[in-house]
Chemist: 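The structure's right below; bear with me while I get my questions together.
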2 protein chains.
Amino acid sequence: MSSTHTHSKKSQILTKNQRIVLDLLQNSGEPLKAYFILDSLKKEGLNSPLQVYRALDKLVELGKIHKIESINSFIICNNSNCASNTAFTICERCGKVKEIKNKNLTDGVSDLVKDNQLEITRYNLEFYVLCKSCKIN
Amino acid sequence: MSSTHTHSKKSQILTKNQRIVLDLLQNSGEPLKAYFILDSLKKEGLNSPLQVYRALDKLVELGKIHKIESINSFIICNNSNCASNTAFTICERCGKVKEIKNKNLTDGVSDLVKDNQLEITRYNLEFYVLCKSCKIN
DNA sequence: ATTACGTATGTAATAATATAACACTTAGAG
DNA sequence: CTCTAAGTGTTATATTATTACATACGTAAT
């Protein structure tokens, strides 16, 4: 074990395509669609959908981004250790998405899951809301 | 029209396309994809994707079926009054989907939502699990 | 009974989202 | 150095969903 690392340095480093896709999502902070990412990164050398989807798949697998299923979009993960569990609010009026950081909520869901004897490997929670600014206007 | 009956409230009656799509989902009990529904109902007179999507949209709106976002599929609602709130388990191995009827879970989620001052109009919860039969084998 | 209106229908075309197949490259482990 | 796992680049294609437009049909108001 100590002499032989099964985890190579390579596996911890993002490849170029993974890097530029992650950077774009990081800088945006908003959910982006795969083909928007493709268009945005044409100048960086991304030419085909598959290049984008492969990078996205890997980043999701690494827990660095999440897919928001109901809007076919990807967003940077802003929790340090949310694993593959996700919880979002999506404004029904303006479409704004926020990842829920509230520990009470996610802990509560975990408890409910335990109480109900569900063996969950991961979950995806999408809450449709009317966000503050939309509520005012 | 072969019969003379006049329904008092047309708005509560499903149209032919809505009916046959609902019947198929009802009989199946499983989540079905739009284009599978289209293929299955060719003999009933459905010819285009749009006819299917229009029926599905209406049925979702009426709360008679749900869309399971992460698998782009539609399933009959087996709760009498779940409104537009949905909670499913999806087996990661065999893909089997079950609507969660557990009142504790859904009530709990509602409480959590209240406690965390989220104003939710509806929600969509997708729990990925290893189902009983897949756990055994 | 006729009109106006909202909703549904049928059809063709196309947009948006995602994957398959294949040949090639690269980096690290042994 | 060589083997292998992972990533790349590219073309083509599959899957999912919507736009646009013309037509039909039931209901309520006139």
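First the proteins, then the strands, lettered A, B, ... as listed; each starts at 1.
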Chemist: Expressed as a whole number of angstroms, how long is the span from A:L46:CG to D:dT8:C1'?
Modeler: 11 Å
Chemist: Does a side-chain N or O from B:N17 land closer than 4.0 Å to OP1 or OP2 of C:dA8, or not?
Modeler: no
Chemist: Name every residue in residues 67-75 of chain B that has at least one heavy atom under 4.0 Å from any atom of DNA chain D, in order of residue number, or write none if there are no such residues.
Modeler: B:K67, B:N72
Chemist: What contact category does B:S48 fall into here, base, sugar-phosphate, or nothing, at under 4.0 angstrom with non-hydrogen atoms?
Modeler: base
Chemist: For nucleotides 21-24 of chain C, list the nitrogen or oxygen atoms of the protein found under 3.5 Å from its nitrogen or oxygen atoms, one pair per line.
Modeler:
none

Chemist: Would you indicate, yes or no, if C:dT9 has its OP1 or OP2 atom less than 4.0 angstrom from a side-chain nitrogen or oxygen of B:N47?
Modeler: no
Chemist: When you compare the side chain of B:L130 with that of A:E119, does any pair of heavy atoms fall below 4.5 Å?
Modeler: no
Chemist: Could you give all pairs that pass the side-chain hydrogen bond (donor to acceptor under 3.5 Å, both in side chains) test and reach residues 19-29 of chain B, with sequence neighbours left out?
Modeler: B:R19-B:D23
Chemist: According to ring pair (Phe, Tyr, Trp, His ring centres under 6.0 Å), does anything in residues 85-120 of chain A pair up with another residue at least two apart or in another chain? List the pairs.
Modeler: A:H66-A:F88
Chemist: Taking atom P of C:dT26 as reference, at what distance in whole Å does atom CD1 of A:I13 sit?
Modeler: 17 Å
Chemist: Return the set of residues passing side-chain hydrogen bond (donor to acceptor under 3.5 Å, both in side chains) with B:D107 (not counting sequence neighbours), or none when no residue passes.
Modeler: B:K103
Chemist: Could you check which residues of residues 32-42 of chain B get a heavy atom under 4.0 Å from DNA chain C? Sort them by number, please.
Modeler: none
Chemist: Could you pull out every donor-acceptor pair under 3.5 Å between side chains of residues 30-42 of chain A and any protein atom, sequence neighbours left out?
Modeler:
{"unit_1": "A:K33", "atom_1": "NZ", "unit_2": "A:I71", "atom_2": "O", "d": "3.0"}
{"unit_1": "A:S40", "atom_1": "OG", "unit_2": "A:F36", "atom_2": "O", "d": "2.8"}

Chemist: Taking the side chain as everything from C-beta on, heavy atoms only, tell me whether B:L62 gets closer than 4.5 Å to B:L14.
Modeler: yes
Chemist: Out of B:V52, B:V60, B:V21, which one pairs with B:F74 under the side chain to side chain contact (heavy atoms under 4.5 Å, CB included) rule?
Modeler: B:V60
Chemist: Just wondering, do A:L112 and B:L112 contact through their side chains at under 4.5 Å, heavy atoms?
Modeler: yes
Chemist: Compare side-chain N and O positions of B:K16 against OP1 and OP2 of C:dA8 and report whether any pair is under 4.0 Å apart.
Modeler: no
Chemist: Sequence neighbours excluded, which residues qualify as side-chain hydrogen bond (donor to acceptor under 3.5 Å, both in side chains) partners of B:S70?
Modeler: B:E126, B:Y128
Chemist: Taking only residues two or more places apart in sequence or in another chain, which ones pass salt bridge (charged side-chain N to carboxylate O under 4.0 Å, His left out) with A:E44?
Modeler: none
Chemist: Side chains of B:I68 and B:N124, heavy atoms from C-beta outward: is any pair under 4.5 Å?
Modeler: no
Chemist: Can you tell me which nucleotide in D:dG9, D:dG7, C:dT19 comes closest to the side chain of A:K58?
Modeler: D:dG7
Chemist: Just report the end-to-end axis angle for the helix from C:dA1-D:dT30 to C:dG30-D:dC1, five pairs per end, to 10 degrees.
Modeler: 30°
Chemist: Can you tell me the distance, in whole Å, between the CG atom of A:L14 and the P atom of C:dT26?
Modeler: 19 Å
Chemist: Using salt bridge (charged side-chain N to carboxylate O under 4.0 Å, His left out) as the criterion, list what pairs up with B:K58, not counting sequence neighbours.
Modeler: B:E61
Chemist: Take the protein atom OH of A:Y53 and the nucleotide atom P of D:dA14, then report the distance between them rounded to whole Å.
Modeler: 17 Å
Chemist: Measuring from atom CG of A:L59 to atom NZ of A:K64, what distance do you get when rounded to the nearest 0.5 angstrom?
Modeler: 8.0 Å
Chemist: Can you check whether A:Q51 has a side-chain N or O nearer than 4.0 Å to OP1 or OP2 of D:dT8?
Modeler: no
Chemist: Name all residues meeting the side-chain hydrogen bond (donor to acceptor under 3.5 Å, both in side chains) criterion together with B:K43; count only those two or more places apart in sequence or in a different chain, and write none if there are none.
Modeler: none
